[in-house]
Amino acid sequence: MAAIIPDNPSSSQHAARPRRDADFVELTTSTVEAQIDAADPDDPVARQFRLDPRESLDVPGFNADPVGDLAANAVPGVLHKYRGRALLVLTGACAVHCRYCFRRHFPYGDQRLDEDALERALDYLAADPEMTEVILSGGDPLVLAPRRLAAVIERLAALPQLRRLRIHSRIPTVSPERIDESLCQRLASFPGQVVLVAHVNHPRELGPQSAAAFGRLREAGVTLLNQAVLLEGVNNDTDVLAELSEALFAQGVLPYYLHQLDPVAGAAHFAVDAAVGRERIEALRARLPGYLVPRFVVEQAGEPSKTPIA
Ligand SMILES: *Cc1c(COP(=O)(O)O)cnc(C)c1O
Ligand code: SF4
């Protein structure tokens, strides 16, 4: 997840000129820093957020727009690939910069969707009678000013066909204090169901603060799911993945997806072979209840959904 939609998404200029690390500086939070063991050169949290010299390598097959997002950009701010649901991208900003992020080269930097563009995005969503779920994504929608977020949610609540509001966010674990009472009240007042999909790759990212944040969300009636990315040097290990599922569920979060890494330029050193990923999932299936085994998927441009691998 990472960003806002370019005004002219079809401009091949954007795709052809990936903006390398200049606009993707190292960014973490105090919570993340506290999770890192500085004495461990292979720390699995540090690996996700610290700059790595291997990012500048040009590796064949790893490019700036690996999942065809530029082509799926229906109107500025909306990514509509799948039937019945679409991403509404309100901001390109995140609280952290995950080094493997598949939108790290997106040409929208930290832009925010302005009022006019938001109007057009909402009109687009409103015009599709099948649009039963809107997914606030980014960037990270929970870095928005609370008042701005509240205004958007209020306007979404007015779409009659909308059954669910979904939020994709890393905030519950990287900046859990932002999951405060007023945000939870706002979510609780949404007329449909609310789903939050967290993004946690290693059990070390979970602790008492994330437990409290997830607890507040659950009390507000929010259904909690997690998506992780299979990453070399982070979680490409059956024990770690099993512990991740257990630790998530202990905090009331169900594993949803385990994503195969999108081949984005600069992230090749995180790549895990799909066959290895399949073995990891089979090993998880042999030792965990079915509901703790995430769906192992890859995103393929032009497909009607994420593609299951295992
Ligand atoms: C991943 C994604 C979704 C959500 O897919 P689900 O399978 O419903 O989780 C929706 N829209 C876009 C553009 C996506 O990339
Ligand atoms: S939280 Fe990380 S993976 Fe998600 S959009 Fe931001 S940088 Fe990308």
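We number each residue from 1, following the sequence as shown.
A heavy-atom distance below 4.5 Å is found between the side chains of Val143 and Ile171. Residues Ile153 and Arg186 form a side-chain contact, since some pair of their non-hydrogen atoms from C-beta on lies under 4.5 Å apart. The side-chain heavy atoms of Cys184 and Ile179, taken from C-beta on, include a pair separated by under 4.5 Å. In this structure the side chain of Pro308 never reaches within 4.5 angstrom of the side chain of Lys306, judged on heavy atoms. By the 4.5 Å heavy-atom criterion applied to side chains, Val174 and Gln35 are not counted as neighbours.
Counting all heavy atoms, side chain and backbone alike, Phe49 lies closest to His97 at CD2-O, 3.6 Å. Minimum heavy-atom separation, Ala86 to Val78: CB-CG1, 4.1 Å. Pro76 and Ala121 make their closest contact through O-CB, 3.9 Å (heavy atoms, listed as atom of the first residue, atom of the second, distance). Gly77 and Leu113 get closest at one heavy-atom pair: CA-CD1, 3.7 Å. Nearest heavy-atom pair across Leu217 and Pro172 is CD1-CG, 4.3 Å. Of all the heavy atoms in Ala267 and Leu261, the pair that sits closest is O-CD2, 3.5 Å.
For residues 125-154, no residue pair satisfies the ring-ring contact (aromatic ring centres under 6.0 Å, His included) rule, not counting sequence neighbours. Pairs of residues two or more places apart, or lying in two chains, that qualify as ring-ring contact (aromatic ring centres under 6.0 Å, His included) and include a residue from residues 211-250 are Phe249-Tyr291.
Linking Ile, Leu, Val, Met, Phe, Trp and Tyr whenever their side-chain heavy atoms come within less than 4.5 Å puts Leu231 and Leu57 in one cluster. Cluster membership check: Leu27 does not share its hydrophobic cluster with Val234, using side-chain heavy-atom separations under 4.5 Å among Ile, Leu, Val, Met, Phe, Trp and Tyr. There is no path of hydrophobic side-chain contacts, each under 4.5 Å, that joins Ile309 to Val264.
Between the CG atom of Leu284 and the CG atom of Leu258 there is a distance of 8.0 Å, given to the nearest 0.5 Å. Here the NE2-CG distance, from His80 to Leu125, works out to 8.5 Å after rounding to the nearest 0.5 Å. Here the straight-line distance linking atom CD1 of Ile167 with atom CG of Leu183 works out to 6.5 Å at 0.5 Å rounding. With rounding to the nearest 0.5 Å, the separation of CG in Asp262 from CZ in Phe62 is 10.0 Å. Atom CZ of residue Phe270 and atom CG of residue Leu230 lie 12.0 Å apart, to the nearest 0.5 angstrom. Interatomic distance, CZ of Arg164 versus CZ of Phe190, reported as 10.0 Å (0.5 Å rounding).
Every residue meeting the side-chain hydrogen bond (donor to acceptor under 3.5 Å, both in side chains) condition with Arg83, not counting sequence neighbours, appears here in chain and number order: Glu130. Taking the side-chain contact (heavy atoms from CB on, under 4.5 Å) definition, one finds that Arg85 meets it with Tyr82, Glu133, Ile135, Arg166, Ser305, sequence neighbours left out. For the side-chain contact (heavy atoms from CB on, under 4.5 Å) test, residues two or more places apart in sequence or in another chain that qualify with Arg285 are Ile281, Glu282, Val293, Ala310. Considering only residues two or more places apart in sequence or on other chains, His202 meets the ring pair (Phe, Tyr, Trp, His ring centres under 6.0 Å) condition with none of them. The side-chain contact (heavy atoms from CB on, under 4.5 Å) check on Gln161 picks up Met131, Leu159, with sequence neighbours excluded. With sequence neighbours left out, Gln193 forms a side-chain hydrogen bond (donor to acceptor under 3.5 Å, both in side chains) with no residue at all. Annotation: side-chain hydrogen bond (donor to acceptor under 3.5 Å, both in side chains) contacts of Glu205 (sequence neighbours excluded): Gln48, Arg170. Evaluation of the side-chain hydrogen bond (donor to acceptor under 3.5 Å, both in side chains) rule for Thr29 yields no partner, not counting sequence neighbours. Scanning for side-chain contact (heavy atoms from CB on, under 4.5 Å) contacts around Ala46 gives Ile36, Asp43, Arg50, with sequence neighbours left out.
Side-chain atoms of Asn226 never come within 3.5 Å of backbone atoms of Val197 as a donor-acceptor pair (strictly under, hydrogens ignored). Gln260 contributes no side-chain N or O that, together with a main-chain N or O of Ala271, makes up a donor-acceptor pair within less than 3.5 Å. The closest donor-acceptor contact from the side chain of Arg216 to the backbone of Glu181 lies at 3.5 Å or more, if one exists at all. A donor-acceptor pair is defined here as one N or O able to donate and one able to accept, closer than 3.5 Å; no such pair exists between the side chain of Asp140 and the backbone of Ala95. Of the possible donor and acceptor atoms, one in the side chain of Asp52 sits under 3.5 Å from a partner among the backbone N and O of Arg54.
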- [ ] Report the C-alpha separation of Leu196 and Leu187 in whole Å, then their side-chain angles, then the decisive distance to 0.1 Å, and conclude whether the side-chain contact (heavy atoms from CB on, under 4.5 Å) test is met.
- [x] CA-CA 10 Å; Leu196 182 134; Leu187 298 178; 5.6 Å; no

Open item on the list: Test side-chain contact (heavy atoms from CB on, under 4.5 Å) on Leu90 and Leu118; report intermediate values, then the result.
Closed with: CA-CA 8 Å; Leu90 300 166; Leu118 177 62; 4.0 Å; yes

TODO: Assess whether side-chain contact (heavy atoms from CB on, under 4.5 Å) is satisfied between Lys81 and Glu299, documenting all intermediate values.
DONE: CA-CA 11 Å; Lys81 289 187 189 177; Glu299 181 154 354; 2.3 Å; yes

Task: side-chain contact (heavy atoms from CB on, under 4.5 Å) assessment of Gln251 paired with Leu206 - done: CA-CA 8 Å; Gln251 299 199 351; Leu206 297 162; 3.5 Å; yes

Task: Residues His259, Phe102; criterion ring pair (Phe, Tyr, Trp, His ring centres under 6.0 Å); working and verdict - done: CA-CA 11 Å; His259 294 274; Phe102 75 98; 8.2 Å; no

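Salt-bridge formation is not detected for the pair Glu232/Arg47: no Lys NZ or Arg NE/NH1/NH2 atom is positioned less than 4.0 Å from an Asp or Glu carboxylate oxygen.
Screening Val152, Leu88, Leu122 for a side-chain contact (heavy atoms from CB on, under 4.5 Å) involving Val134 leaves a single residue, Leu88.
Arg163 CZ: 12 or fewer foreign heavy atoms inside a 6.0 Å radius.
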Counting only pairs under 3.5 Å, give me each side-chain donor-acceptor contact of residues 238-245, with atom names and distances, residues two or more places apart or in other chains.
{"from": "Asp239", "atom 1": "OD1", "to": "Arg287", "atom 2": "NH1", "distance (Å)": "3.0"}
{"from": "Asp239", "atom 1": "OD1", "to": "Arg287", "atom 2": "NH2", "distance (Å)": "3.3"}
{"from": "Ser245", "atom 1": "OG", "to": "Leu292", "atom 2": "O", "distance (Å)": "2.6"}

